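Note sheet for the following structure.
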Amino acid sequence: MARNVVDEPNEDIVENARKDRAEKRGPFGRMALFIRQVFNELGKVVTPTRRELITYTLVVLVFVIIMMALVSGLDIVFGWVVSFVFGDGSAVTGG
């Protein structure tokens with residue numbers, strides 16, 4: 001059974017945000033609020049396990065290698081087509 005993950009702020013965060021918005025804050029108060037909110041969000045970060053990190057890294061590396069091969073292949077094909085259509089400049093014209 002699939003779990004539905006919804007990223008919604010809880011009631012406390014919404015209430016605190018409303019309260020903070022209602023109050024007038026100076027520039028230092030706004031910076032302090034921002035820093036508090038950053039730390040609250042950083043507390044929600046889940047670091048991957050070593051196995052997940054290795055898996056994600058391998059997936060990215062394989063994808064990059066496949067894309068490099070695709071782009072290199074297209075470059076060779078297009079270069080050949082351009083050389084065939086326009087000539088490569090090495091042909092000597094009679095005259």
Side-chain angles (χ1 to χ4, degrees):
M1 184 172 158
R3 295 187 312 181
N4 292 333
V5 178
V6 179
D7 189 18
E8 292 182 8
N10 64 22
E11 308 261 336
D12 295 335
I13 294 174
V14 173
E15 187 60 36
N16 287 341
R18 285 188 185 141
K19 193 185 314 176
D20 290 335
R21 240 183 267 131
E23 299 174 4
K24 281 282 195 184
R25 292 188 179 271
F28 293 109
R30 288 193 303 258
M31 282 193 296
L33 174 63
F34 174 74
I35 298 297
R36 274 197 311 271
Q37 290 174 343
V38 167
F39 281 118
N40 285 338
E41 290 298 319
L42 284 175
K44 298 177 189 177
V45 173
V46 177
T47 54
T49 63
R50 184 175 189 81
R51 183 181 197 119
E52 290 172 337
L53 186 63
I54 291 171
T55 302
Y56 297 155
T57 303
L58 289 176
V59 167
V60 168
L61 289 176
V62 168
F63 176 77
V64 167
I65 290 170
I66 290 171
M67 292 308 295
M68 284 173 47
L70 178 68
V71 169
S72 297
L74 288 173
D75 182 47
I76 291 169
V77 169
F78 287 140
W80 181 82
V81 169
V82 167
S83 176
F84 180 76
V85 170
F86 298 108
D88 57 0
S90 64
V92 177
T93 58

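Numbers here simply count residues along the sequence, with the first being 1. Here the structure is a predicted model, which means the values were calculated and not measured. Computation of the quantities below employed the complete heavy-atom set of this structure, encompassing side-chain atoms and omitting hydrogens, waters and symmetry-equivalent molecules.
- For the pair Leu33/Gln37, a side-chain contact is recorded, criterion being any heavy-atom separation below 4.5 Å from C-beta on.
- Linking ILVMFWY residues whenever their side-chain heavy atoms come closer than 4.5 Å, directly or via other members, places Met68 and Val60 in the same cluster.
- Side-chain heavy atoms closer than 4.5 Å link hydrophobic residues (I, L, V, M, F, W, Y) into clusters, and following such links, even through other members, never connects Leu42 to Val46.
- For Leu70, the side-chain contact (heavy atoms from CB on, under 4.5 Å) partners at least two apart in sequence or on another chain are Met67, Leu74.
- Val85 is linked by a side-chain contact (heavy atoms from CB on, under 4.5 Å) to Val81, counting only residues two or more places apart in sequence or in another chain.
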Table please: side-chain donor-acceptor pairs of residues 51-58 below 3.5 Å, with sequence neighbours left out.
from, atom 1, to, atom 2, distance (Å)
Glu52, OE1, Thr49, N, 3.0
Thr55, OG1, Arg51, O, 2.8
Thr57, OG1, Leu53, O, 2.7

